Novice: 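This is the structure I want to talk about, given as structure tokens.
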Amino acid sequence: DFGRSSELSFVVEPSDDIAVQEQPLILYCQVEGIQPITITWRKNGVMILDSENAFMLANGSLYVSRFQRVRGDGSSDEGEYDCMAQNHYGLVVSRKAKIQAATMSDFHIHPQNAVVEEGGVARFQCQIHGLPEPVILWHKNSMPVNTDNERYTLLPKGVLQITGLRAEDSGIFHCVATNIANVKFSREARLTVSGSHSTVYKDPMILVGPENLTLTVHQTAVLECIATGNPRPIVSWSRLDGRPIGVEGIQVLGTGNLMISDLTVQHSGIYVCAANKPGTRVRRTAQGSLVVQAPAEFVQHPQSISRPVGTTAIFTCVAQGEPPPQITWLRNGQILETSDHIKLKNNNSTLSIYGINQADEAIYQCLAENSAGSTQASARLTVLWADGLPSPPQGVRAETVSATTIQVSWEKPLQNTKEIIGYVLHIRKAADPVEMEYQEAVSKSTFQQLVTDLEPSTSYSFYIKAYTSRGASKASEVTVVSTLGEVPAMPSLFIKVINSTTVQATWEPSIKLGQHKGFKLYYRKVHLSQYTGPVLLASNVTAYNITHLDASVVYEVKLLAYNQHGDGNSTVRFVSLRETVERTVLNPPCDCMKDEQNNKTSTTGIIIGIHIGVTCIIFCILFLMFGYRGRLLMCKNVQEQLSTPQIPRSQRSATGLVLNGATRRDRDDRDLNGKQLDMNELERLFPASPSQEQQEKGITSAHSPSAPHNETQISTLPLDEFSIIEEQPDPLPKNPCGSSPAAPAPNHGPANEG
């Protein structure tokens with residue numbers, strides 16, 4: 001029994017119903033709780049008195065002998081009924097039951113004659129309104145339509161679909177509507193099936209798409225979709241939001257109608273019917289909206305509670321439904337009126353009762369209601385009161401000490417003071433709601449309290465309670481007093497030089513200064529005693545420009561905030577415009593257009609310069625690499641020269657010429673073998689001294705060992721084995737590698753031929 005008050009609660013509540021004209025009607029109501037319990041009924045909020053037509057049964061149910069939609073006096077038995085139960089703990093009210101009369105209107109849509117070619121699709125429709133919803137059946141040639149034929153589809157809303165038409169489908173059709181109020185017949189319509197099945201191609205086309213539906217959970221929804229085309233299109237369904245339709249409770253009626261059983265709120269959405277040409281992407285679509293409503297139901301029921309006098313009682317009632325339900329609170333069957341100590345929060349889901357007393361003891365009900373239905377839950381508040389509690393404290397006074405401090409004093413209660421263990425001072429801004437109240441505890445021997453950290457120029461309310469181990473006294477009388485006002489705080493002032501004659505004063509937003517009406521701005525030359533001002537500025541202003549200043553002197557700027565209590569302390573700043581003038585002379589204003597062009601030119605020059613610099617760096621690196629390689633080669637040749645005796649060219653043998661003109665491959669082979677020519681071998685290869693004439697030739701080579709010694713042999717040497725060393729004035733050739741020569745050499749002719 002979630003949240004049910006054990007003292008009084010409903011076991012059975014009246015439910016919505018549809019009554020038949022001139023037939024009896026019974027509305028059930030069953031209550032449990034502590035006797036004696038009195039049950040009464042209301043219709044549309046008005047008490048129902050026992051009469052010949054309507055009276056209450058012994059079990060508390062209401063009996064209507066002959067239900068009438070409209071009586072002779074103009075009244076009606078239709079309406080909203082509720083049951084009320086009361087005992088000495090309180091009163092509760094049941095949910096409202098909506099009672100309607102069973103009716104049936106005339107058909108407002110009748111089937112129409114149709115001529116359709118063989119193989120096509122025929123559709124007939126009937127529409128009629130009634131309570132309860134009429135059941136519609138179809139007749140062909142005065143006989144019920146055979147629903148076992150899979151080509152015949154009957155939809156709940158009075159639609160008959162016939163697919164794959166044949167000649168035997170021709171006939172006369174009409175529908176029959178039935179409910180507890182009446183039975184009615186529609187007009188007749190003739191179906192004619194003409195010709196043979198056509199083979200001409202036809203684009204897919206949706207004859208009738210889904211219509212918008214609003215239903216309640218657990219009902220069944222049928223979304224119609226009938227399409228034609230040649231070849232016959234394939235009908236498919238999807239949701240516009242992309243969510244899957246699912247398979248549970250889903251069924252396809254006929255060739256494309258979608259039926260959803262046992263509806264839930266999650267089935268709400270926009271459904272899209274698509275007619276697709278087989279094997280292609282050619283398609284036509286239609287869509288309809290399905291809205292599923294859910295009656296209000298409780299997620300959390302209010303719970304019965306017991307609280308001491310002076311404390312706070314809180315009831316919580318959370319309901320859900322679609323659309324979201326509205327929550328209303330009742331106190332002993334009457335709509336609860338809010339006040340300073342009774343508050344509703346969180347969309348009426350939370351009921352708070354502050355400073356409860358014995359008058360608040362009652363049964364509280366939470367009513368949740370939406371367009372799909374209503375429900376209720378109740379809970380009882382018991383106020384605990386102990387005999388012998390102290391009476392309220394006396395003579396509560398509050399005196400203002402400063403803008404932020406108030407002193408509260410009181411006298412001890414008149415009765416039952418022996419068990420007092422302390423006092424509690426309740427403090428609240430007079431303009432704030434009760435839930436913003438806070439407390440300060442005071443010892444039992446103290447009869448005054450200094451309340452600090454208050455806001456200036458603000459009214460506060462105070463009351464006192466005396467506490468014992470068994471509970472609190474009733475609250476004392478409430479006293480209200482205001483704190484003193486104070487002048488505003490100092491503003492934060494900043495000065496910015498705009499130009500040679502103007503400065504801008506800016507300051508903090510007004511919210512940081514407390515209560516104030518505005519600002520006063522003063523300024524003067526520092527060598528003068530008289531201020532210019534005040535310049536009065538509104539409280540929302542945070543900047544002011546001071547113009548027509550003298551650039552040659554220093555200025556003092558002063559700003560203060562003021563209110564009805566006077567002027568606050570001022571903030572002073574000094575400013576000089578001389579530096580601005582000097583900067584202007586040294587750096588005249590730029591020609592922006594010219595500078596922009598110069599900037600563009602400078603940018604282009606920088607880019608070109610970067611490219612040139614990079615190119616130079618690359619060439620330098622290459623130059624250094626090749627130069628270093630040549631330097632190593634030269635060093636090597638000079639070392640060979642210095643370590644080898646210089647023989648006159650005319651005395652060199654062919655063998656020596658061949659050695660000096662050896663190919664790189666031979667030299668490499670020699671280097672690899674690690675062999676070095678010793679001095680004896682060199683003397684054997686170069687026994688003679690060179691002639692002056694041959695020295696002047698410069699370069700001599702040999703092609704083969706057999707060439708004559710007196711002939712000049714010309715040969716081409718590889719460049720990487722050729723170097724020329726200039727003659728040096730020193731008697732000894734200088735080694736470019738920095739090493740000492742191995743032996744002296746004469747200073748004539750080329751030192752090395754490669």
Side-chain angles (χ1 to χ4, degrees), residues 13-18 80 95-100 102-104 109 123 125-137 147 153-161 177-180 206 208-227 235-274 285-299 318-327 368-376:
E13 297 182 74
S15 57
D16 298 345
D17 201 356
I18 297 174
E80 291 183 336
R95 67 175 298 275
K96 295 178 180 178
K98 188 176 183 180
I99 304 301
Q100 297 173 281
T103 59
M104 182 183 292
I109 293 182
R123 179 182 183 272
Q125 182 180 12
C126 286
Q127 272 195 11
I128 188 170
H129 293 308
L131 283 175
E133 188 72 29
V135 176
I136 298 178
L137 300 177
T147 55
T153 303
L154 277 68
L155 302 184
K157 292 291 184 178
V159 174
L160 171 64
Q161 298 174 354
T178 305
N179 71 1
I180 59 176
I206 295 178
V208 179
E211 61 182 11
N212 298 332
L213 298 176
T214 299
L215 300 172
T216 306
V217 290
H218 307 307
Q219 290 185 329
T220 298
V222 176
L223 301 172
E224 183 180 8
C225 186
I226 182 169
V235 176
S236 61
W237 286 89
S238 63
R239 287 176 61 111
L240 190 62
D241 57 9
R243 292 170 52 193
I245 294 179
V247 295
E248 187 175 355
I250 305 298
Q251 182 179 353
V252 177
L253 300 179
T255 58
N257 307 289
L258 181 67
M259 183 173 73
I260 307 175
S261 304
D262 194 21
L263 286 172
T264 65
V265 174
Q266 286 69 33
H267 286 123
S268 293
I270 297 176
Y271 289 77
V272 180
C273 162
T285 61
Q287 65 184 32
S289 172
L290 172 61
V291 176
V292 181
Q293 295 184 339
E297 62 178 352
F298 288 112
V299 176
V318 180
Q320 66 181 10
E322 186 60 39
Q326 297 292 325
I327 293 179
E369 185 175 12
N370 64 7
S371 56
S374 66
T375 186
Q376 65 81 34

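One is the number of the first residue; the rest follow in order along the sequence. Predicted model only: the values in this text are computed from it and were never measured.
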Novice: Grab the two heavy atoms, one from R239 and one from Y271, that are nearest each other, plus how far apart they are.
Specialist: NH1-OH, 3.2 Å
Novice: Under the side-chain hydrogen bond (donor to acceptor under 3.5 Å, both in side chains) rule, collect the residues that match up with S236, sequence neighbours excluded.
Specialist: N276
Novice: Any chance you could measure K157, atom NZ, to I128, atom CD1, to the nearest 0.5 Å?
Specialist: 13.0 Å
Novice: Closest heavy-atom contact between N370 and P324?
Specialist: CB-O, 4.4 Å
Novice: Distance-only criterion, 3.5 Å: show the donor-acceptor pairs between side-chain atoms of residues 285-299 and protein atoms not counting sequence neighbours.
Specialist:
unit_1	atom_1	unit_2	atom_2	d
Q293	OE1	S371	OG	3.4
Q293	NE2	S371	OG	3.3
E297	OE2	Q320	NE2	3.0

Novice: With a cut-off of 3.5 Å and sequence neighbours excluded, list every side-chain donor-acceptor pair involving residues 254-262.
Specialist:
unit_1	atom_1	unit_2	atom_2	d
N257	OD1	Q161	NE2	3.1
N257	OD1	C225	N	3.1
N257	ND2	Q161	OE1	2.7
N257	ND2	L253	O	2.9
D262	OD1	H218	ND1	2.9

Novice: Could you please spell out the steps behind the side-chain contact (heavy atoms from CB on, under 4.5 Å) verdict for N179 and L131?
Specialist: CA-CA 7 Å; N179 71 1; L131 283 175; 5.6 Å; no
Novice: Using 0.5 Å steps for rounding, measure from the CG atom of L160 to the OG1 atom of T147.
Specialist: 11.0 Å
Novice: Tell me whether the count of non-hydrogen atoms from other residues, nucleotides or ligands lying under 6.0 Å of CD in E80 goes above 12.
Specialist: yes
Novice: For the residue pair A97 and S15, what are the closest heavy atoms and their distance?
Specialist: CB-O, 3.4 Å
Novice: What's the verdict on side-chain contact (heavy atoms from CB on, under 4.5 Å) for W237 and I250, showing C-alpha distance, side-chain angles and the deciding distance?
Specialist: CA-CA 11 Å; W237 286 89; I250 305 298; over 6 Å; no
Novice: State, yes or no, whether a side-chain contact exists between D241 and I270 at a heavy-atom distance under 4.5 Å.
Specialist: no
Novice: Which value, rounded to the nearest 0.5 Å, describes the distance between E369 atom CD and I327 atom CD1?
Specialist: 11.5 Å
Novice: What are the two closest non-hydrogen atoms of R243 and Q266, and how far apart are they?
Specialist: NH2-O, 3.6 Å
Novice: Distance from I136 atom CD1 to Q125 atom CD, nearest 0.5 Å?
Specialist: 9.0 Å
Novice: Quick one: closest heavy-atom pair of D16 and K98, and the distance?
Specialist: OD1-N, 2.7 Å
Novice: Mind checking what makes side-chain hydrogen bond (donor to acceptor under 3.5 Å, both in side chains) contact with E248, not counting sequence neighbours?
Specialist: none
Novice: Going from CD1 on I206 to CD1 on I226, what distance comes out if it is rounded to the nearest 0.5 angstrom?
Specialist: 11.0 Å
Novice: Applying side-chain contact (heavy atoms from CB on, under 4.5 Å), run through E133 and Q219 and close with a yes or a no.
Specialist: CA-CA 12 Å; E133 188 72 29; Q219 290 185 329; over 6 Å; no
Novice: With rounding to the nearest 0.5 angstrom, report the CG to CG distance, L154 to L137.
Specialist: 7.5 Å
Novice: Not counting sequence neighbours, which residues clear side-chain hydrogen bond (donor to acceptor under 3.5 Å, both in side chains) with E13? List them please.
Specialist: Q376
Novice: Not counting sequence neighbours, which residues clear side-chain hydrogen bond (donor to acceptor under 3.5 Å, both in side chains) with Q127? List them please.
Specialist: H108
Novice: Which atom names give the shortest non-hydrogen contact between P14 and R95, and what distance separates them?
Specialist: O-NH1, 3.0 Å
